[in-house]
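Because the structure is predicted, anything quoted here is derived from the model rather than measured.
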Amino acid sequence: MSTTDVDQKLQLGQLLLKNGAITKEQLEEALQLQKMGGNEFLLGEILVQQKICTEEQIMEALAKGYGIPFARVSGKIADPKVVDILPKEFLQKHAVLPLFKVRGVLTIAVSEPANVFLIEEIARMTGCDVQIVCATAKDIRSTLETHLPQANVFVIDDIVNEIDAGEIALVENNVEELVDLEAVAGDSPVIRMVNYLISNAINEGASDIHIEPDERMLRVRYRVDGRLYEKMRLPYKLLPAIVSRIKIMAGLDISERRLPQDGSIHVVMKSRPIDLRVSTLNGKAGEKVVLRIIDNNNVLVNLEKLGLNYETLKQWRKVISSPNGIILVTGPTGSGKSTTLYSALKELNNDEINICTIEDPIEFKLPWVNQFQVNERIGLTFATELRALLRQDPDIIMVGEIRDAETAQIAVQAALTGHLVFSTLHTNDAPSSITRLINIGVKPYLVAASMVAVMAQRLVRKICTNCKEPYDPPISTRRIVERLVGEVETFYHGVGCKKCRNTGYSGRIGIYELLIVDDAMRDYITASPNVNELRRIALESGMKPLRQDGMEKVKAGITTIEEVFRVTAA
């Protein structure tokens, strides 16, 4: 920490003391907390978190120290048009609010009056002399929320002109070479807008882009860490143009608006390839488009990084080393099943074995793994490809999903004839997968003979490390947790900050339920038991249920009780 940093902290503290906002003891306590935290937090943030003083008192003290006015922004601006003088993203990123412009002098409310570089940048961008006043970040952001929706609708060029189109390249379907979008970025505002939506979503770590029409507006939402949040709203009249542009990029039929369509887009952004899965579906207000982002750089193809505890990881490694049989990974869409399977295949892959996969679609490319794409339009289903694949001398086979009786029966026969087969099912827990196979049409004795293990999983959001703090949950909730994992010293949650968009969460981790089929369970499966009976037997055999694994991550301070309750059944 530099001498300048120390001087600034002491200056804020002395200003607050002088204003009577805090006592000397409270200042010393806050400075000690800051030192214990490795000086990661500003003194003002600590004072507010500890409820020693308010954000308004801090900003008033800073304003007095810098000799500038302090303004209580009421949510209204004298000249609403002045907001458009700076791009929306710039205003939100730096928490600055243009108030009015008079004779070339722009007055702006800021929450960081010491940031002279920011003030110089505003002057350069606007060509105005800049005069600043102090205001709280909370007031600035709430006022921006009131005025920015209009800017989203009417100032589209201001948004899309910020895009560096040279960073993205597009691969049109049936075209081998990469086409630089910089050459076409100026042809149409719609092209620039679509490029912006894609590049911005990738930068923000989104997994999906939802473009949703209503009767008057067009809403764009991103899914980040499993939750959707609104990015912007656009005029409804842009819907046909935006949907047509995406269809062209995905090689779909732009004249067909009644039937659902699926396709893919391949882009290169910042020298790395990224795949987009496109789905369109016509609704009452027009076509809704969803783009799933598949970024190879964000895939954790490593077993240690999945979130498996030590004992489960050891059991899983033993299971996937089996010479033959079926291993299933189960869970809802978006629960990380593919990542788990790819991680297992990566660990097993070597020069002595032949690994083949049948997928729809091929989500990630694994080096020296033979991956095959299902194409039902020409008759290449999971079943037909699996039947052909068995003539390719495979050692390990991954079937993307068991959807029907034919695929299930061929997979079972492959497992019984010396192959190790990985696949997925959509069931709520591990025991349900066994009854699901029987219900599909596989004989119980064949399921019992071929099944090795089933892994059920979910993804829970991790607590943001930037705003993580201890708290006391209700006694009834604490008892539920401690009944599963024993006494918990400290519970944690995230209070919300800029880094996590005030959600309290950042990133995701898996929780798991591993059912290993032993000889005793094979006898029960042969008798075709119901799912409740299977679950009881599995628990008696040592299976740790999803909720218990989740609560162990609560105990470790990784996630919250609410997250585990959200994704698991009692």
Quickly, which of Val454, Val452, Val412 forms a side chain to side chain contact (heavy atoms under 4.5 Å, CB included) with Ile326? Name it, please.
Val412
NZ/NE/NH1/NH2 to OD/OE distance under 4.0 Å, Glu482 and Arg479
no
Applying ring-ring contact (aromatic ring centres under 6.0 Å, His included), name anything that partners His419, two or more places apart in sequence or on another chain.
none
Can you spot which of Ile511, Val554, Ile558 makes a side chain to side chain contact (heavy atoms under 4.5 Å, CB included) with Val460?
Ile511
Short side-chain donor-acceptor distance under 3.5 Å, Asn532 and Arg535
yes
Identify the residue among His493, Arg458, Arg461 that makes a side chain to side chain donor-acceptor pair (under 3.5 Å) with Glu563.
Arg461
So does Glu540 pair up with Arg536, basic N to acidic O under 4.0 Å?
yes
Could you tell me whether the side chains of Asp393 and Asn354 share a donor-acceptor contact shorter than 3.5 Å?
no
Under a 3.5 Å threshold, yes or no: a donor from one side chain and an acceptor from the other, between Thr340 and Ser343?
no
Before accepting this row, confirm whether a basic side-chain N of the pair Arg317/Glu347 lies closer than 4.0 Å to the acidic partner's carboxylate O.
yes
Using a strict 4.0 Å threshold on nitrogen-to-oxygen distance, state whether Glu304 and Lys314 make a salt bridge.
no
Quick one: do the Tyr471 and Thr490 side chains pair a donor with an acceptor below 3.5 Å?
no
Determine, for Arg522 against Asp518, whether the closest basic-nitrogen to carboxylate-oxygen distance falls under 4.0 angstrom.
no
I'd like to know if Glu406 and Arg387 make a salt bridge, using a cut-off of under 4.0 Å between side-chain N and carboxylate O.
yes
Between Asp275 and Ile265, is there a side-chain heavy-atom distance shorter than 4.5 Å?
no
Contact summary for Pro545 and Glu513, nearest pair of heavy atoms
CA-OE1, 3.3 Å
What are the two closest heavy atoms between Val220 and Ile209, and how far apart are they?
CG1-CG2, 4.2 Å
Heavy atoms only: give me the nearest Asn349-Pro367 pair and the separation to one decimal.
ND2-O, 3.1 Å
Test: Arg403 and Asp360 ion pair at under 4.0 Å:
yes
